[in-house]
Amino acid sequence: MKRKWKLAVAALLGFSTACSTVRQAPKQPASKDQTKPRTADTTAIKARPVLPRIVLMYGVRPPVSDSVRIRRMERQLPDSLPPVAEEPREEDPAVKK
Amino acid sequence: MNGRRIGLRKRWALDLFSDLYAAKVSEHRLDTLFWECTLRCNLSCRHCGSDCRVDPGVADMPLGDFLRVLDEQITPHVDPSQVLIIFSGGEVLVREDLEQAGREVTRRGYPWGMVTNGMALTERRFRGLLDAGLRTVSVSLDGFEREHNRMRGNPLSYERALQAIRMIVRQPALASDVVTCVTGAMIPQLEAFGEMLIAEGVEHWRLFSIFPMGRAKEDPTLRMTDEEFRTLLEFIRRTRREGRIDASYACEGFLGGYEAEVRDHFYQCAAGVSVASIRVDGAISGCTSIRANFNQGNIYRDDFWEVWQTRFESFRNREWARRGECADCRMFRYCLGGGMHLHDDDGSLLYCHYKRL
């Protein structure tokens with residue numbers, strides 16, 4: 001049985017593992033604003049359903065995706081925005097001039 | 001509930017998942033890389049699996065050595081945005097160049113995270129780490145003040161960890177969770193402790209039991225009885241259903257009837273399958289908690305990528321684990337002998353989660 005079918009059957013059985021696996025499967029190439037890999041040997045990386053990264057014993061949770069990060073930051077009050085937004089350092093010299 | 005009983009629906013799903021896991025093993029795409037950057041620690045916890053010390057007698061790995069491997073042997077073969085780098089210890093914050101390390105891996109396109117006890121996480125340090133691209137962090141908190149400080153051997157450890165959590169949960173862009181090593185003494189307090197975490201704004205809470213390794217091996221009082229262990233799993237299952245906080249059991253151990261009910265996924269050991277580590281002495285392994293005799297190479301003499309592609313046989317084919325109490329266990333096809341870190345120096349299983357249910 002093909003992998004996609006197995007995932008679909010597992011989803012039908014009601015297991016969120018399978019559902020989240022399908023949801024997290026890459027459907028399109030990475031967006032343009034993502035950092036590109038430094039070298040070219042990534043042609044073998046294909047879009048296909050993958051088992052989600054598990055949280056390991058001494059590990060950490062997977063990072064929040066960019067879209068979710070932006071949404072969450074928009075919801076927050078301005079004083080909780082990250083320091084980059086609070087400190088426009090590059091503008092300082094221009095202000096002095 | 002009889003924790004060992006697995007219903008038909010779950011058995012079907014487990015069979016399907018086993019096939020998917022076999023495909024994952026065959027593919028062995030690296031998605032997580034631990035860098036054990038130090039074995040130094042600012043605490044001396046009673047349950048430390050690494051037996052870390054203030055001065056462990058092992059020098060930190062120079063950042064340049066790690067970056068060399070990353071640049072020459074890993075980056076050419078992966079999409080950095082898909083590989084999570086986890087700085088691990090010891091206590092990572094004792095490294096003064098941690099921010100620099102974070103900046104360097106961020107510059108290369110890798111997301112990174114760390115696990116900390118929170119002792120040294122000042123507001124200023126936290127800002128520096130965020131600026132360096134910190135994306136995900138876990139803080140260890142083993143219970144209320146008395147229990148946590150007893151486990152950690154430091155009267156300030158609870159307050160510092162709580163301060164760290166308060167800083168972290170205010171950052172919407174940061175993934176985070178609280179990690180709790182549960183002992184028997186903690187079981188009656190789980191409800192109240194969970195309420196406290198919810199009140200503090202914690203969304204994700206990972207609980208695990210202590211396995212007999214490092215200093216934890218010397219203190220049997222840290223371990224739970226079978227009944228306490230079942231109580232813990234029932235608590236996690238109930239808490240997940242309530243949905244007020246995302247509680248989960250750690251990745252280790254096959255849990256029979258509790259599978260997919262106390263974690264987001266079915267049991268799997270990803271060590272050597274999608275997870276690798278570079279230990280403080282340069283050793284290449286799966287997770288950092290696995291014994292040294294499972295090391296697969298060393299960055300100071302081997303090419304990391306060649307090791308990843310051509311070795312790790314004992315991680316990817318677990319037939320060797322079908323012995324002792326696992327030899328005739330009908331669950332072996334699902335658990336494959338349990339987590340790699342649960343095997344002792346000669347490969348014998350130290351601890352079977354399923355048989356405790």
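Every chain is numbered from 1 and lettered A, B, ... according to where its sequence line falls, protein lines coming before strand lines.
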Checking heavy atoms, do the side chain of [X], its backbone, both or neither come under 4.5 Å from chain A?
{"X": "B/Val275", "result": "side chain"}
{"X": "B/Val83", "result": "backbone"}
{"X": "B/Val137", "result": "backbone"}
{"X": "B/Ile86", "result": "side chain"}
{"X": "B/Phe34", "result": "side chain"}

Chain A contacts, top residue of [options] (heavy-atom pairs, under 4.5 Å):
{"options": "B/Glu261, B/His341, B/Arg135", "result": "B/Arg135"}
{"options": "B/Glu252, B/Lys10, B/Arg206", "result": "B/Arg206"}
{"options": "B/Ser274, B/Cys287, B/Ser176, B/Pro111", "result": "B/Ser176"}
{"options": "B/Ala13, B/Ser248, B/Ala250", "result": "B/Ala13"}

* Which residues pass the side chain to side chain contact (heavy atoms under 4.5 Å, CB included) test with B/Val69, sequence neighbours left out? ->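 If we apply the side chain to side chain contact (heavy atoms under 4.5 Å, CB included) test to B/Val69, skipping adjacent residues, the hits are B/Gln73, B/Ile74, B/Ile278, B/Ile299, B/Phe304.
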* Listed by chain and number, what are the side chain to side chain contact (heavy atoms under 4.5 Å, CB included) partners of B/Asp19, not counting sequence neighbours? ->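 Side chain to side chain contact (heavy atoms under 4.5 Å, CB included) check on B/Asp19 returns A/Lys6.
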* Asked: What is the minimum heavy-atom distance between B/Ala175 and A/Pro62, and which atoms define it?
  ->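 That closest heavy-atom pairing would be CB-O, 3.3 Å.
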* Atom of A/Gly59, atom of B/Val115 and distance for their closest heavy-atom approach -> O-CG2, 3.6 Å
* Side chains of B/Leu174 and A/Val64 in contact at under 4.5 Å (non-hydrogen atoms) -> no
* If you round to the nearest 0.5 Å, how far is CG of A/Leu56 from OG of B/Ser289? ->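 One finds 9.0 Å between OG of B/Ser289 and CG of A/Leu56.
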* **Short side-chain to backbone donor-acceptor contact, B/Thr136 and A/Arg61, under 3.5 Å** => yes
